[in-house]
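Working notes for the structure below.
As the structure is a prediction and not an experimental result, all values here were calculated from the model. Each ligand, and each atom within it, is numbered from 1 in the order the structure gives. Any value given below was found using the heavy atoms of this structure, including those in side chains, with hydrogens, waters and symmetry copies removed.
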Amino acid sequence: MNEPLRPASWPPAWPDVTDPGVLAAIAETPRHEFVPHASLDQAYEDIALPIGRGQTISQPYIVALMTQALALTPESRVLEVGTGSGYQAAVLAHLTPHVWSVESVPELAATAEARLRRLGYPVQLRVGDGRLGWPEAAPFDGILVAAAARSVPPALVVQLADGGRLVIPLGDSAWDQRLWLIEKHGDTLSKAFLAEVRFVPLVYTEPADADDAALANIRRKLQKLFEHS
Ligand code: SAH
């Protein structure tokens with residue numbers, strides 16, 4: 001079978017993605033390994049593509065933008081919510097060997113795991129509701145949510161290290177979503193708008209967290225942070 005060659009001009013020039021490490025990570029990650037056969041000839045187009053089960057592999061530009069926003073170093077510990085094809089996790093693994101990723105659909109997780117192992121990416125994977133994070137591996141310097149949530153899951157903020165960064169699309173519908181960067185400094189949270197986006201919805205597969213004091217406190221802070229947006 002003919003593998004599509006990565007075009008010489010990959011990745012394309014993105015005005016707002018300039019981090020050389022991120023651009024190298026995108027250049028080195030073989031996206032054709034992560035898309036279904038039927039879409040092979042589109043692997044190096046800057047578009048999202050279907051991967052089955054109603055899910056998609058994200059648009060490379062958005063993957064790059066979210067990765068850049070995390071400002072990772074090789075020491076960073078990073079959690080992804082929504083493994084999907086494993087492409088985003090592979091891009092992260094080019095920047096740090098400490099990557100955890102949670103996927104709620106077992107079949108997608110199994111395919112992504114086999115693929116990431118075959119390609120030699122040392123990503124730790126788990127099937128579950130990523131809204132609850134991965135408490136045993138916390139704290140994380142970066143958390144990347146690859147599906148649109150109605151509000152920020154407070155457990156993810158609890159699992160963020162001091163100085164940590166969370167990138168998450170928020171919105172009620174497919175047409176009205178915004179990508180946010182949230183930073184945690186001590187007791188303070190700040191937010192910055194990154195882009196208008198379109199993600200598949202974050203599905204809640206497990207019951208809500210028991211509302212302990214730490215979660216209730218974060219929930220209050222998040223409500224305040226987003227009350228006018
Ligand atoms: N990062 C992926 C694209 C993800 S699409 C890639 O690079 O290919 C969003 C993914 O989030 C889907 O695979 C979907 O099944 C998963 N998902 C949705 N809700 C989830 C949840 N609560 N926990 C974990 N994964 C979830």
Can you check whether [Y]'s main-chain N or O pairs, donor with acceptor, with [X]'s side chain at less than 3.5 Å?
X: Gln55; Y: Gly84; value: no
X: Asp19; Y: Gln68; value: no
X: Arg178; Y: Phe193; value: no
X: Lys191; Y: Trp180; value: no
X: Arg131; Y: Val81; value: no

Among all the protein's non-hydrogen atoms, which is closest to [atom], and how far away is it?
atom: atom 15 (O) of ligand 1; result: Glu103 OE2, 2.6 Å
atom: atom 12 (C) of ligand 1; result: Gln55 OE1, 3.2 Å
atom: atom 4 (C) of ligand 1; result: Gly82 O, 3.5 Å
atom: atom 3 (C) of ligand 1; result: Thr56 O, 3.2 Å
atom: atom 19 (N) of ligand 1; result: Val203 N, 2.8 Å
atom: atom 23 (N) of ligand 1; result: Gly130 N, 2.8 Å

Which of the ligand 1 atoms, numbered from 1, are nearer than 4.0 Å to a heavy atom of [X]:
X: Val105; answer: 15 (O)
X: Val102; answer: 24 (C), 25 (N)
X: Glu80; answer: 1 (N)
X: Val200; answer: 5 (S), 9 (C)
X: Ala146; answer: 1 (N), 4 (C), 5 (S), 9 (C)
X: Ile57; answer: 8 (O)
X: Gly128; answer: 23 (N), 24 (C)

Is there a side-chain contact between [X] and [Y] in this structure, where contact means two heavy atoms from C-beta onward sitting under 4.5 Å apart?
X: Tyr121; Y: Val99; result: no
X: Leu72; Y: Asp141; result: no
X: Asp129; Y: Ser104; result: no
X: Asp187; Y: Lys221; result: yes

Within 45° cone of Tyr44 ring axis and under 6.0 Å: Arg6 NZ or CZ |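 No - Arg6 does not lie over the ring of Tyr44 by the 6.0 Å and 45° rule.
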
Could you check whether any heavy atom of [X] sits closer than 4.0 Å to an atom of ligand 1, since that is the contact criterion I want to use?
X: Thr83; value: yes
X: Ala112; value: no
X: Arg53; value: no

Could you pull out, from Ser85, Ser58, Gly84, Pro60, the option with a heavy atom nearest to atom 8 (O) of ligand 1?
->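 Going through Ser85, Ser58, Gly84, Pro60 one by one, Ser85 has the nearest heavy atom to atom 8 (O) of ligand 1.
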
Of the choices Ala89, Pro153, Ala48, Ser104, which has the non-hydrogen atom that lies closest to atom 17 (N) of ligand 1?
-> Ser104

Region of Gln88 that comes within reach of ligand 1 [heavy atoms, distance under 4.0 Å] = both

Does ligand 1 have a heavy atom under 4.0 Å from the side chain of Leu108, from its backbone, from both, or from neither?
-> side chain

Where Trp134 and Gln159 come nearest, the two heavy atoms and their spacing = N-OE1, 2.8 Å

Between Arg126 and Glu136, is there a salt bridge with N-O shorter than 4.0 Å?
-> yes

Side-chain donor-acceptor pair under 3.5 Å between Ser190 and His185, yes or no?
-> no

Looking only at distances, please establish whether an N/O atom of ligand 1 is found under 3.5 Å from an N/O atom of Tyr204.
-> no

